[in-house]
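Note that the coordinates shown come from a computational prediction; the quantities given were computed from them, not determined experimentally. All chains are named by letter (A, B, ...) in the order of the sequence lines, taking the proteins before the strands, and each is independently numbered beginning at 1.
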Amino acid sequence: MPGWPELEGPVLDVAPRLLGATLRHGDVAVRLTEVEAYDGPDDPGSHAYRGRTRRNAVMFGPSGVLYVYFTYGMHHCANVVVGPVDRPSAVLLRAGEVVDGLASARARRRGSDRDLARGPARLCQALGIDLSHDGTDLSRGDLTLTLTDSPGGDVSAGPRVGLRQAAERPWRFWLTGEPTVSTYRPAAPLRRRPG
DNA sequence: GTTGCGATGCGCT
DNA sequence: GCGCATCGCAACA
């Protein structure tokens, strides 16, 4: 199947081009301000690094599809699938600015407007995205991605957030100076519980 | 602004 | 069983 031509290139090229794009679900729209690249077969930090499983299956499909996963027992995170079929790459949507449907987004989340979609799980919450949206084609329907020619600002790059594997790769991209970009927190070593 | 830590359930070894 | 592409809250600066 065709996929989405603008998203077919290498993930490191495509990821920064998603900055400034708009993800809309129903009446809520978010302008993306921070994203992170995952390059399946060569990336120890990627869900697809160890091959295809039930969870990561949509990463192996056509570009322009949403990959949603559930983590920490309570949070959802959303990615845009990128690259050709069988190259399981994706771009994690880390943060954005709510540009439409503010009332609906506020109803789903507590906190300041700036924080509504600041962080990958918050972004999903503000947009009402969950596992039922895994595999959704973003080119049509109720959940859509609209690309932009210009991100609307300078792009910065730096280390990925929250990973223990290959976090040092500078594969996180954000719009310089945007207040909605999530605060950087490196992955912490796990402490073993006593007993 | 920062750091520390518990919540909570599923995917994977 | 272990670990997680996280968050919110408390405490501190």
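- The number of heavy atoms from other shown groups lying within 6.0 Å of CZ (A/F60) is above 12.
- Taking a pair to require two hydrogen-bonding distances under 3.5 Å in either a Watson-Crick or a G-U wobble arrangement, C/dC2 pairs with B/dG11.
- Both A/R122 and A/L163 sit near DNA chain C, but only A/L163 has its closest nucleotide nearer the 5' end.
- Counting only distance, with no hydrogens or angles, the side chain of A/N79 and the backbone of A/A90 share no donor-acceptor pair below 3.5 Å.
- Across B/dG9, C/dC7, B/dA7, the shortest atom-to-atom separation from the side chain of A/F70 is found for B/dG9.
- Each of A/G73 and A/N56 was matched to the nucleotide of DNA chain B holding its nearest heavy atom; the match closer to the 5' end belongs to A/G73.
- One hydrophobic cluster holds both A/V14 and A/V80 under the rule that ILVMFWY side chains link at heavy-atom gaps under 4.5 Å.
- Rounded to whole Å, the distance from CE on A/M74 to C1' on C/dG8 is 10 Å.
- Taking every side-chain heavy atom of A/R55 into account, B/dC12 is the closest of C/dT6, B/dC12, B/dA7.
- Between the side chain of A/R108 and the main chain of A/A126, a donor-acceptor pair closer than 3.5 Å is present.
- Phosphate proximity of B/dT13 to A/R50: present, with a side-chain N or O under 4.0 Å from OP1 or OP2.
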Short heteroatom pairs, N/O only, protein and nucleotides 9-12 of chain C, under 3.5 Å:
none

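- With rounding to whole Å, A/E34 atom CD is found 13 Å from C/dT6 atom C1'.
- Taking atom OH of A/Y72 as the reference point, atom C1' of C/dC4 lies 4 Å away to the nearest angstrom.
- The backbone N or O of A/T180 sits nowhere less than 3.5 Å from a side-chain atom of A/R114 that would complete a donor-acceptor pair.
- At a threshold of 4.0 angstrom between heavy atoms, the contacts of A/R172 with the nucleic acid are absent.
- Put simply, CG on A/D115 is 13 Å from C1' on B/dG1, counting in whole angstrom units.
- The base of C/dA5 is paired with the side chain of A/Y69 by a donor and an acceptor separated by under 3.5 Å.
- Rounded to whole Å, atom C1' of B/dG1 lies 11 Å from atom CZ of A/R114.
- Residue A/R164 places its side chain closer to C/dC4 than to any other of C/dA5, C/dC4, B/dC10.
- Side-chain N/O atoms of A/T176 and A/S156 include a donor and acceptor closer than 3.5 Å.
- Listed here is the closest heavy atom pair of A/G101 and A/V28: O-CG2, 3.6 Å.
- Within the nucleic acid shown, A/G119 comes within 4.0 Å of sugar-phosphate atoms alone, with no base atom in reach, counting heavy atoms only.
- In this structure, A/R118 atom CZ and C/dG8 atom P are separated by 11 Å, rounded to whole Å.
- A/T53 has a side-chain polar atom (N or O) that falls below the 4.0 Å cut-off from OP1 or OP2 of B/dC12.
- Between A/L131 atom CG and B/dG9 atom C1' the separation is 12 Å, expressed in whole Å.
- The nearest whole Å value for the distance from the OH atom in A/Y38 to the C1' atom in C/dA5 is 4 Å.
- Side-chain nitrogen and oxygen atoms of A/H47 include none within less than 4.0 Å of the OP1 or OP2 phosphate oxygen of B/dG11.
- A salt bridge does not link A/R169 to A/D42: none of the charged nitrogens lies less than 4.0 Å from a carboxylate oxygen.
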